[in-house]
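Being a predicted model, the structure only gives us computed values, none of them experimental.
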Amino acid sequence: MTYTIRLKNCAFFARHGLHDEEEKLGQRFYVDAALTVEPVRRLEDDAMESTVDYGAAFAVIERIVTGERRFLIEALALEVGKALCAQFPQIARAEITVRKPNAPVPGVLDHVEVTVAWPG
């Protein structure tokens with residue numbers, strides 16, 4: 001049996017992007033994480049050990065997104081997925097979406113987003 005934990009629209013201020021202005025000014029990034037969990041104990045046991053602590057998962061996402069600059073949000077999403085799977089072995093698959101609302105494109109758009117799954 002598996003189930004999915006979703007963290008939606010986690011918001012962080014960071015300095016990712018190819019352009020120097022993106023590093024200098026920074027901007028908000030939004031992250032969604034869909035975590036497919038294979039519980040180590042029966043869910044009927046109603047025990048924290050059978051799941052992923054989503055507060056701790058949020059902290060992992062925050063540490064990475066607000067940490068070292070990445071040129072590509074694809075690389076950022078992959079790093080988040082790998083870190084979550086490494087910290088929580090009961091995560092069978094992490095699907096991470098990163099949204100960049102102020103992407104430097106010559107046009108009007110709501111945001112650019114990328115989704116990366118680990119393991120792919």
Side-chain angles (χ1 to χ4, degrees):
M1 174 190 159
T2 64
Y3 59 92
T4 303
I5 296 174
R6 288 187 173 80
L7 288 84
K8 301 287 280 183
N9 222 31
C10 305
F12 308 101
F13 184 84
R15 300 176 186 279
H16 305 291
L18 288 173
H19 304 288
D20 292 338
E21 296 81 16
E22 293 177 292
E23 182 179 24
K24 181 179 176 184
L25 299 174
Q27 64 176 292
R28 284 201 187 278
F29 290 82
Y30 298 91
V31 178
D32 298 338
L35 311 174
T36 302
V37 178
E38 293 178 351
V40 294
R41 289 180 58 182
R42 296 173 346 125
L43 290 177
E44 293 84 0
D45 293 344
D46 196 26
M48 187 62 194
E49 299 80 30
S50 65
T51 191
V52 172
D53 178 339
Y54 43 81
F58 181 91
V60 169
I61 297 167
E62 180 178 37
R63 176 178 50 82
I64 293 168
V65 175
T66 61
E68 182 182 336
R69 176 186 179 194
R70 295 284 179 255
F71 293 123
L72 303 176
I73 59 175
E74 294 89 331
L76 181 63
L78 178 61
E79 185 177 348
V80 169
K82 285 181 168 184
L84 287 167
C85 289
Q87 180 157 338
F88 304 101
Q90 62 270 46
I91 296 176
R93 185 169 196 261
E95 188 173 289
I96 309 300
T97 300
V98 176
R99 282 184 298 288
K100 184 176 184 176
N102 296 315
V105 298
V108 178
L109 53 83
D110 186 49
H111 61 265
V112 171
E113 91 177 13
V114 62
T115 301
V116 174
W118 181 260

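- Across D110, D32, T115, a single residue satisfies side chain to side chain donor-acceptor pair (under 3.5 Å) together with R99, and that is D32.
- To the nearest 0.5 Å, atom OG1 of residue T36 and atom CD of residue Q90 are 12.5 Å apart.
- Under the 4.5 Å side-chain contact rule for hydrophobic residues, F88 and L43 share a cluster.
- Side chains of V114 and T97 form no contact here, defined as non-hydrogen atoms less than 4.5 Å apart.
- Grouping the Ile, Leu, Val, Met, Phe, Trp and Tyr side chains by contacts below 4.5 angstrom, directly or via other members, places I73 apart from Y30.
- L7 contributes atom CG, which lies 11.0 Å from atom CG of N9 (distance to the nearest 0.5 angstrom).
- Electrostatic pairing of E22 and K24 does not count as a salt bridge here, judged by no charged N lying under 4.0 Å from a carboxylate O.
- At least one side-chain heavy atom of L35 sits under 4.5 Å from a side-chain heavy atom of L84.
- Hydrophobic clustering (ILVMFWY, side-chain heavy atoms < 4.5 Å, transitive): I5 and M1 are in one cluster.
- Using a 4.5 Å cut-off between side-chain heavy atoms of Ile, Leu, Val, Met, Phe, Trp and Tyr, with links allowed through other members, V98 and Y54 fall into the same hydrophobic cluster.
- Checked options R93, K82, E95; the residue passing with W118 is K82 (criterion: side chain to side chain contact (heavy atoms under 4.5 Å, CB included)).
- Remark: aromatic rings of F29 and H16 are close, center separation under 6.0 Å.
- Residues E113 and K100 are not paired through a salt bridge, judged by the lack of any N-O separation under 4.0 Å between the basic side chain and the carboxylate.
- N102 CG to E21 CD: the interatomic distance, rounded to the nearest 0.5 Å, is 13.5 Å.
- Listed for the D53 side chain is a donor-acceptor partner under 3.5 Å among the backbone atoms of G55.
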(message) Between V31 and I96, is the side-chain contact (heavy atoms from CB on, under 4.5 Å) condition met? List the steps.
(response) CA-CA 7 Å; V31 178; I96 309 300; 4.0 Å; yes

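- Classification of E23 and R69 as a salt-bridged pair holds, one side-chain N sitting under 4.0 Å from a carboxylate O.
- Taken to the nearest 0.5 Å, the CZ atom of R15 stands 10.5 Å off from the CD atom of Q27.
- Donor-acceptor pairing under 3.5 Å is recorded for the side chains of T51 and Y3.
- Under a hydrophobic clustering in which Ile, Leu, Val, Met, Phe, Trp and Tyr are joined whenever their side-chain heavy atoms come within less than 4.5 Å, directly or via other members, V105 and L72 fall into different clusters.
- Side-chain contact check for C10 versus E62: every heavy-atom pair is 4.5 Å or farther apart.
- Aromatic ring centroids of F12 and F58 lie under 6.0 Å apart.
- Few gaps surround CG on D45; more than 12 heavy atoms of other groups in view lie less than 6.0 Å from it.
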(request) Given side-chain contact (heavy atoms from CB on, under 4.5 Å), test I64 with L76 step by step and report yes or no. (result) CA-CA 8 Å; I64 293 168; L76 181 63; 3.9 Å; yes

